[in-house]
Amino acid sequence: MSKLLLIPAAWRNAVIAILESGDKNRIISTETADRDWNAAFPHAFMFARHQAMAQALRADIHGRHIADMRPACDAYEFWFFFDQSRVLGKIGLLPNGKIIIIFSSHIPRKGDSL
């Protein structure tokens with residue numbers, strides 16, 4: 001398992017800009033991430049997830065670099081908060097730097113740790 005590290009500011013800033021754009025052509029989300037989010041927060045809109053993730057990434061935040069995602073991307077896993085709940089997020093920035101994939105956005109499961 002990879003160790004916790006400070007998520008680079010350049011990655012965070014690129015991801016924040018995409019999340020805040022709300023552009024559905026630049027924000028891809030897996031079915032699993034959407035299903036988990038909707039199960040945990042059935043009355044929350046997807047833009048609220050994007051705002052909460054962006055808010056967490058505005059600070060110097062530690063997470064895990066995930067090197068083996070498919071499609072290939074620069075991905076990090078980190079904790080963020082929504083509606084007073086801790087949520088595990090995993091986002092990949094595609095090599096073009098213009099598109100992100102939200103792989104995870106769920107409340108902690110047994111064994112989840114960073």
Q) Does a side-chain heavy-atom distance below 4.5 Å link L93 with I18? A) yes

Q. So, for A44 and N38, which heavy atoms are closest and what is the spacing to 0.1 Å?
A. O-OD1, 4.4 Å

Q) Hey, are the side chains of R35 and T30 touching, using non-hydrogen atoms and a 4.5 Å cut-off? A) no

**Q.** Under the ring pair (Phe, Tyr, Trp, His ring centres under 6.0 Å) test, residues paired with F47 that sit two or more places apart
**A.** F45

Q: Indicate yes or no for a side-chain donor-acceptor contact from R12 to the backbone of A54 under 3.5 Å, with no hydrogens or angles considered.
A: no

Q: Kindly state each residue pair satisfying side chain to side chain donor-acceptor pair (under 3.5 Å) with at least one member in residues 40-57, sequence neighbours excluded.
A: S29-R49, D34-R49, R49-S105, Q55-R58

Q: For the pair R26 (side chain) and K98 (backbone), establish whether a donor and an acceptor sit closer than 3.5 Å, ignoring hydrogens and angles.
A: yes

Q | Nearest non-hydrogen partners of P95 and A72, listed with the distance | A | CD-O, 3.6 Å

Q | Cluster overlap F81 with F78, hydrophobic side-chain contacts below 4.5 Å | A | no

Q) Do F41 and V87 have side chains that get closer than 4.5 Å, going by heavy atoms? A) yes

Q: Could you grab the distance from atom CG of L19 to atom CD1 of I27, nearest 0.5 Å is fine?
A: 5.5 Å

Q | Beyond-backbone contact of I101 with P71, side-chain heavy atoms, under 4.5 angstrom | A | yes

Q) Are the side chains of H65 and D74 in touch, meaning some heavy atoms are under 4.5 Å apart? A) yes

Q | Atom pair CD1/CG of I99 and D23 - distance to nearest 0.5 Å | A | 9.0 Å

(Q) What's the separation between atom CD1 in I66 and atom CZ in F103, rounded to the nearest 0.5 Å? (A) 10.0 Å

**Q.** Heavy-atom check, side chain of L94 versus side chain of C73, under 4.5 Å
**A.** yes

Q) Less than 4.5 Å apart, any side-chain heavy atom of Y76 and any of L5? A) yes

Q) A52 and F80: which non-hydrogen atoms are nearest, and at how many Å? A) CB-CD1, 3.8 Å

Q) How far does NE2 of H106 sit from CZ of R86, to the nearest 0.5 angstrom? A) 11.0 Å

Q: Applying side chain to side chain contact (heavy atoms under 4.5 Å, CB included), run through W11 and L57 and close with a yes or a no.
A: CA-CA 9 Å; W11 184 93; L57 293 171; 4.0 Å; yes

Q. Below 4.5 Å, heavy atoms only, C-beta onward: do I28 and I102 meet side chain to side chain?
A. no

**Q.** Nearest non-hydrogen partners of H62 and L6, listed with the distance
**A.** CD2-N, 3.5 Å

